[in-house]
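Indexing begins at 1, ligand by ligand and atom by atom, following the structure's order.
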Amino acid sequence: MYFVTGGAGYIGSHCALELLKQGYEVTVFDNLSTGHTETCNILKSFGGSRFNFIKGDLLKPDDINNALKAKPEAIIHFAAFSQVGESVKEPAKYYENNVIGSLNLLNAMKKNEVRKIVFSSTAAIYGEPIEVPISETHPKNPINTYGKTKLMIENIMDDFDLAYGIKSVRLRYFNVAGADSNSLIGEWHNPETHLIPNILKSTFGKDFQLKIFGTDYNTKDGTCVRDYINIEDLVSAHILALNYLENGGETNFFNLGTKEGSSVTEVLNTCREVTEKNIEAEYTERRAGDPACLIADNSKAKKILNWTPKKTLKDSIKTAYNWEKKLQTII
Ligand code: UDP
């Protein structure tokens, strides 16, 4: 059985779905603070008796200690707060939830002799890039609290390997995009802050004014450049990371991105193409904390995990759009 913390959220639920598709038993552990019961219900109807949901909180050591008595093969740890802007305004909330929550999880793993964990890390641990594409050897100087919490957790994981033999694979995501190809589940944040869902939401005309943050960056067209990695490609790296650990792999860390950069304007134009709508946007000032350009050097994941991202930005936007249309009928 695989144990997925944060499995009611965006990336965790797609990972749980793929594990179920591959025939595994999956337990999702989530406090439903940002995840959705509806998502768990969909996973349940897909996985049947192979799917188990535990409503629990990583900030309550008893919750996670009791849950891990079932001794899963491995943990895939997504549960975290993940909004960069909010993390700067409310650092206490982020340090407590992300760092203490992860520490409680690792302690419960130690206690229950669970020794493998795949961790949802982020490109935000690198901070303002001094070199693009960004490889895993790039200096780690996070410029926001969110990135700092993830780096702290990575460091704690190193110590838990040295002292207790807990092996971790840390996957450092660039910009994750898209939804399940069958639109069973998708990205569902409240409030939504991410570019692609915001662009798509603006096509439903519900008092939502799309804003583009900054036009004076030193990039191809003045807007920020990001590396958009498809959610299903991203999930496939988690399965490979589990295999890697099961085959005796040592603690390791990998960037997950496509090595291709797209500007905000290019993303907007691709959304116009996919939706066949003339999406209007207001070009405004920069958003605090946005580096000009983030692109992954993904060669390490390709080489060691044998991972190959296959989907394009357009593929991601298509599935995201299908999901957004469905979401409009749910909310
Ligand atoms: N962005 C934007 N309008 C939005 C949301 C995002 O212009 O409504 C820009 C943002 O400033 C950044 C890029 O789109 O340059 C990607 O932002 P997102 O929040 O999707 O991901 P992040 O890069 O912050 O992880």
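- When the options Ile212, Asn198, Thr284 are ranked by their closest heavy atom to atom 8 (O) of ligand 1, first place goes to Asn198.
- Every atom of ligand 1 with a heavy atom of Asp290 under 4.0 Å away is listed here by number and element: 10 (C), 11 (O), 12 (C), 15 (O).
- Between Asp180 and Lys326 there is no salt bridge, since no side-chain N of the basic residue sits under 4.0 Å from a carboxylate O of the acidic one.
- Nearest protein heavy-atom contact of atom 22 (P) of ligand 1 is Asn175 ND2, 3.4 Å.
- The closest protein non-hydrogen atom to atom 5 (C) of ligand 1 is Thr193 O, 3.3 Å.
- Residue Leu195 has at least one N or O atom closer than 3.5 Å to an N or O atom of ligand 1.
- Two rings, from Phe46 and Phe51, have their centers 6.0 Å or more apart.
- What sits closest to atom 15 (O) of ligand 1 on the protein, heavy atoms only, is Cys224 CB, 3.0 Å.
- Not a single heavy atom of Phe208 sits less than 4.0 Å from an atom of ligand 1.
- Residue, atom and distance of the protein heavy atom nearest to atom 9 (C) of ligand 1 are Val264 CG2, 3.9 Å.
- Checked for salt-bridge contact, Lys140 and Glu154 miss the test: no charged N lies under 4.0 Å from a carboxylate O.
- Ligand 1 does not have Val84 within reach: every non-hydrogen atom of the residue lies 4.0 Å or more from it.
- For the atom pair CD1 (Ile279) and OG (Ser202), the distance works out to 5.0 Å, reported to the nearest 0.5 Å.
- Using the six-membered ring where Trp is involved, Phe254 and Tyr244 have ring planes that are perpendicular, over 60° apart on the 30 and 60° scheme.
- Of all atoms in ligand 1, numbered sequentially from 1 with element shown, those under 4.0 Å from a heavy atom of Arg226 are 15 (O), 23 (O).
- Looking at Ser135 and Thr137, their side chains do bring a donor and an acceptor atom within 3.5 Å of each other.
- Shortest contact from atom 2 (C) of ligand 1 to any protein heavy atom: Phe213 CD1, 3.3 Å.
- Between His238 and Phe78, the ring center distance clears the sub-6.0 Å criterion.
- Taking the six-membered ring where tryptophan is involved, the planes of Trp188 and Trp323 are tilted, since the angle between them lies from 30° to 60°.
- When only non-hydrogen protein atoms are considered, atom 24 (O) of ligand 1 lies nearest to Arg287 NH2, 2.8 Å.
- The protein heavy-atom contact nearest to atom 16 (C) of ligand 1 is Tyr228 OH, 3.8 Å.
- Considering only heavy atoms from C-beta on, Ile196 comes within 4.5 Å of Leu313 through its side chain.
- The nearest heavy-atom contact from the protein to atom 3 (N) of ligand 1 is Lys211 O, 2.7 Å.
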